[in-house]
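Single-structure report; data block below.
Lettering of chains follows the sequences in order, A, B, ..., and the numbering in each one begins at 1.
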Amino acid sequence: MMLYWMQQTGHRPIALMGGGTTRVGDPSGKDESRQLLTEAQIEKNLTGIRAIFSKFLKFGDGPGDAVMGNNADWLNTLNYIDFLRDVGRHFSINRMLSFDSVKMRLERSQELSFLEFNYMILQAYDFVELHKRHGCILQMGGSDQWGNIVNGIDLGRRMLGAQLFALTSPLITTASGAKMGKTAQGAVWLDSKMVSPYDYWQFWRNTEDGDVERFLKLFTILPLGEIARLAALKGAEINEAKKVLATEATALVHGRDEAERAAETARTTFEDDALSANLPTVEVARADLEKGIGVLTANVQAGFVSSTSEARRQIKGGGLKVNDVPVTDERQLLTTKDLTQEGVIKLSFGKKRHALLRPV
RNA sequence: GGAGGGGUGCCCGAGUGGUUAAAGGGGACGGACUGUAAAUCCGUUGGCUUAGCCUACGUUGGUUCGAAUCCAACCCCCUCCA
């Protein structure tokens with residue numbers, strides 16, 4: 001999102017992939033040591049992430065076009081001795097020990113491996129490389145990256161005499177304190193194969209009241225005046241603001257058409273209590289439907305529950321519906337008789353999640 | 001290398017021979033109430049062809065009618081000493 005604004009205001013954003021640093025791991029991470037990725041996997045991730053970023057950024061060779069970098073390009077070929085001589089001598093252990101990420105680990109006498117300790121050096125070096133290769137002068141990131149970025153600025157000054165800058169943003173949390181999806185997971189979120197535009201819209205629609213204004217500012221490109229007007233809405237009216245938030249945020253990722261369709265789908269489903277043909281759809285073979293499909297299986301296929309056992313439990317708890325009728329018998333079979341006039345079967349999980357079963 | 005402590009479900013964490021699929025908490029999901037919100041209350045939280053069966057307390061064996069619990073070996077982690 002920050003990169004988006006920079007490009008809109010005439011800068012050239014660089015998205016940096018941690019192809020080299022994923023092998024090291026940030027000290028702030030937990031004990032789950034990161035898996036080594038093969039070159040092929042990294043390459044695959046790179047194109048995947050690039051696809052996600054292209055929704056926000058324009059890549060290319062033009063002056064304002066974004067570029068994508070992979071720090072494996074320079075990190076993998078590093079020679080240890082040379083690196084120590086050229087880069088390592090600029091780092092003071094005394095100072096590194098004073099950084100929060102390190103200090104916390106030491107104070108809690110948690111193990112901090114040398115490998116992880118080097119992470120900040122590598123990240124600092126990234127900044128220097130980016131400056132050399134692309135003339136990059138500003139590095140942005142979450143506030144948890146502040147220390148790492150500042151190290152990069154420092155290293156830039158010492159090695160190249162360059163003046164570099166940092167811009168960090170607070171990590172985004174909800175009003176109740178939960179963290180918003182972080183990078184890796186966030187990328188999954190933006191992929192329409194993982195989360196449909198409709199579900200994405202729903203995610204924003206269900207924002208807590210206290211977050212609405214902040215999210216409007218952060219995740220939409222609406223003028224501030226408009227946001228102020230929406231934020232002033234009170235009580236039930238704040239739902240209007242949430243709808244705008246959902247539509248605008250979805251439009252940025254999936255395009256205006258998809259966003260409008262998601263909004264319309266939600267309107268017919270929730271406000272008219274009608275059936276919208278645009279709900280996420282699961283296709284089933286007509287022959288299977290004629291034989292009858294168990295409700296349990298159907299809900300697993302719809303992705304509502306991960307196992308038939310869970311489906312059973314949800315039925316006991318009254319959480320599953322077929323064509324808006326709560327399921328009471330877990331042995332119930334869905335057949336062609338259950339098809340609505342529109343020729344589909346509507347499955348619901350909870351009040352908010354719906355899907356259609358469509359015979360093909 | 002020496003001495004000690006420990007590995008339990010999504011996470012934290014009880015449990016030291018017998019209704020223990022395993023207390024409690026967190027998180028997550030469902031229900032009620034609402035505004036598709038928050039807070040609150042209730043329920044659920046291993047799998048399956050579910051009145052039953054199967055798999056599970058680091059790994060592999062052993063003792064026992066019966067083990068997460070006892071024994072042995074191994075793997076891993078932590079603390080202190082060198």
- Query: Roughly how many Å is it from CD in A:E310 to P in B:rG47, rounded to a whole number?
  - Reply: 7 Å
- Pairing partner (Watson-Crick or G-U wobble, both distances under 3.5 angstrom) of B:rA3: B:rU79
- When clusters are formed by joining ILVMFWY residues with side-chain heavy atoms under 4.5 Å apart, either directly or through shared neighbours, do A:I238 and A:L224 land in the same one? yes
- Note on the structure: Going by chain and number, the hydrophobic cluster around A:V360 (ILVMFWY, side chain to side chain under 4.5 Å) further includes none
- Task: Report the C-alpha separation of A:R353 and A:D199 in whole Å, then their side-chain angles, then the decisive distance to 0.1 Å, and conclude whether the salt bridge (Lys or Arg N to Asp or Glu O under 4.0 Å) test is met.
- Result: CA-CA 8 Å; A:R353 301 188 55 193; A:D199 286 328; 5.2 Å; no
- Tested for side chain to side chain contact (heavy atoms under 4.5 Å, CB included) against A:Q123, the lone hit among A:N71, A:I149, A:N151 is A:I149
- Query: Which part of the nucleic acid, if any, lies within contact of A:S309, taking any heavy atom under 4.0 Å across all strands shown: a base, the sugar-phosphate backbone alone, or nothing?
  - Reply: base
- Query: Rounding to the closest angstrom, what is the interatomic distance between B:rC65 and B:rU50 at atom P?
  - Reply: 35 Å
- Item | Presence of salt bridge, A:D324 and A:K321, under 4.0 angstrom | no
Review item, nucleotides 33-37 of chain B N/O atoms under 3.5 Å of protein N/O:
{"residue": "B:rU34", "atom": "O4", "partner": "A:K351", "partner atom": "NZ", "Å": "2.6"}
{"residue": "B:rG35", "atom": "O6", "partner": "A:D209", "partner atom": "OD2", "Å": "3.4"}
{"residue": "B:rG35", "atom": "N1", "partner": "A:D209", "partner atom": "OD1", "Å": "3.4"}
{"residue": "B:rG35", "atom": "N1", "partner": "A:D209", "partner atom": "OD2", "Å": "2.6"}
{"residue": "B:rG35", "atom": "N2", "partner": "A:D209", "partner atom": "OD1", "Å": "2.6"}
{"residue": "B:rG35", "atom": "N2", "partner": "A:D209", "partner atom": "OD2", "Å": "3.4"}
{"residue": "B:rG35", "atom": "N2", "partner": "A:K242", "partner atom": "NZ", "Å": "2.9"}
{"residue": "B:rU36", "atom": "O2'", "partner": "A:N206", "partner atom": "OD1", "Å": "2.4"}
{"residue": "B:rU36", "atom": "O2", "partner": "A:Q202", "partner atom": "OE1", "Å": "2.8"}
{"residue": "B:rU36", "atom": "O2", "partner": "A:N206", "partner atom": "OD1", "Å": "3.3"}
{"residue": "B:rU36", "atom": "N3", "partner": "A:Q202", "partner atom": "OE1", "Å": "3.3"}
{"residue": "B:rA37", "atom": "OP1", "partner": "A:K352", "partner atom": "NZ", "Å": "2.7"}
{"residue": "B:rA37", "atom": "O4'", "partner": "A:K242", "partner atom": "NZ", "Å": "3.2"}
{"residue": "B:rA37", "atom": "O2'", "partner": "A:D209", "partner atom": "N", "Å": "3.4"}
{"residue": "B:rA37", "atom": "N3", "partner": "A:D209", "partner atom": "OD2", "Å": "3.2"}

- Calculate the interatomic distance between A:L296 atom CG and B:rC48 atom P; express it in whole Å. 9 Å
- Task: Tell me the partner of B:rU55, counting only Watson-Crick (N1-N3 plus N6-O4 or O6-N4) or G-U wobble (N1-O2 and O6-N3) with both under 3.5 Å; none if nothing fits.
- Result: none
- Across all strands, who's sitting opposite B:rC65 as a Watson-Crick or G-U wobble pair, both distances under 3.5 Å? B:rG18
- Could you say whether A:G319 or A:R331 is positioned toward the 5' end of RNA chain B, judged by the nucleotide with the nearest heavy atom to each? A:G319
- Query: Who passes side-chain hydrogen bond (donor to acceptor under 3.5 Å, both in side chains) against A:E264, sequence neighbours left out?
  - Reply: A:R267
- Task: Compare side-chain N and O positions of A:R312 against OP1 and OP2 of B:rU49 and report whether any pair is under 4.0 Å apart.
- Result: yes
- Query: What integer distance in Å separates A:Q314:CD from B:rA28:P?
  - Reply: 15 Å
- If pairing requires Watson-Crick or G-U wobble contacts with both distances under 3.5 Å, which nucleotide is the partner of B:rC10? B:rG26
- Parallel under 30°, tilted from 30 to 60°, perpendicular over 60°: which one fits the rings of A:F219 and A:W204? tilted
- Message: Just the rounded figure in Å: distance from C1' of B:rG30 to CG of A:N299.
- Response: 13 Å
- Message: Can you measure A:D199 atom CG to B:rC29 atom C1' for me and round it to whole angstrom units?
- Response: 15 Å
- Please work out if A:T269 contacts a base, only the sugar-phosphate, or nothing of the nucleic acid, heavy-atom cut-off 4.0 Å. nothing
Can I get a per-line list of side-chain donor-acceptor pairs under 3.5 Å for residues 311-319 of chain A, giving both atom names and the distance, sequence neighbours left out?
{"residue": "A:R312", "atom": "NH1", "partner": "A:E330", "partner atom": "OE2", "Å": "3.4"}

- Task: Let me know the distance between NZ of A:K321 and P of B:rC29, rounded to the nearest Å.
- Result: 17 Å
- Counter-base of B:rU60, judged by Watson-Crick or G-U geometry with both distances under 3.5 Å: B:rA72
Just the atom pairs and distances: protein N or O near nucleotides 19-23 of chain B's N or O, under 3.5 Å.
none

- Message: Rounding to an integer number of angstrom, what distance separates B:rC80 and B:rC71 when you compare their C1' atoms?
- Response: 28 Å
- Item | Atom C1', compared across B:rC33 and B:rA39: separation rounded to whole Å | 11 Å
- Mind calculating the distance between CZ (A:F304) and P (B:rG31) to the nearest angstrom? 12 Å
- Rounded to whole Å, CG of A:D329 lies from P of B:rU50 at a distance of 12 Å
Identify each donor-acceptor pair in which a side-chain atom of residues 291-301 of chain A lies under 3.5 Å from a protein atom, sequence neighbours left out, and give them as a table.
{"residue": "A:N299", "atom": "ND2", "partner": "A:V295", "partner atom": "O", "Å": "3.0"}

- Query: Is there a Watson-Crick or G-U wobble partner for B:rC41 with both distances under 3.5 Å, and which nucleotide is it?
  - Reply: B:rG31
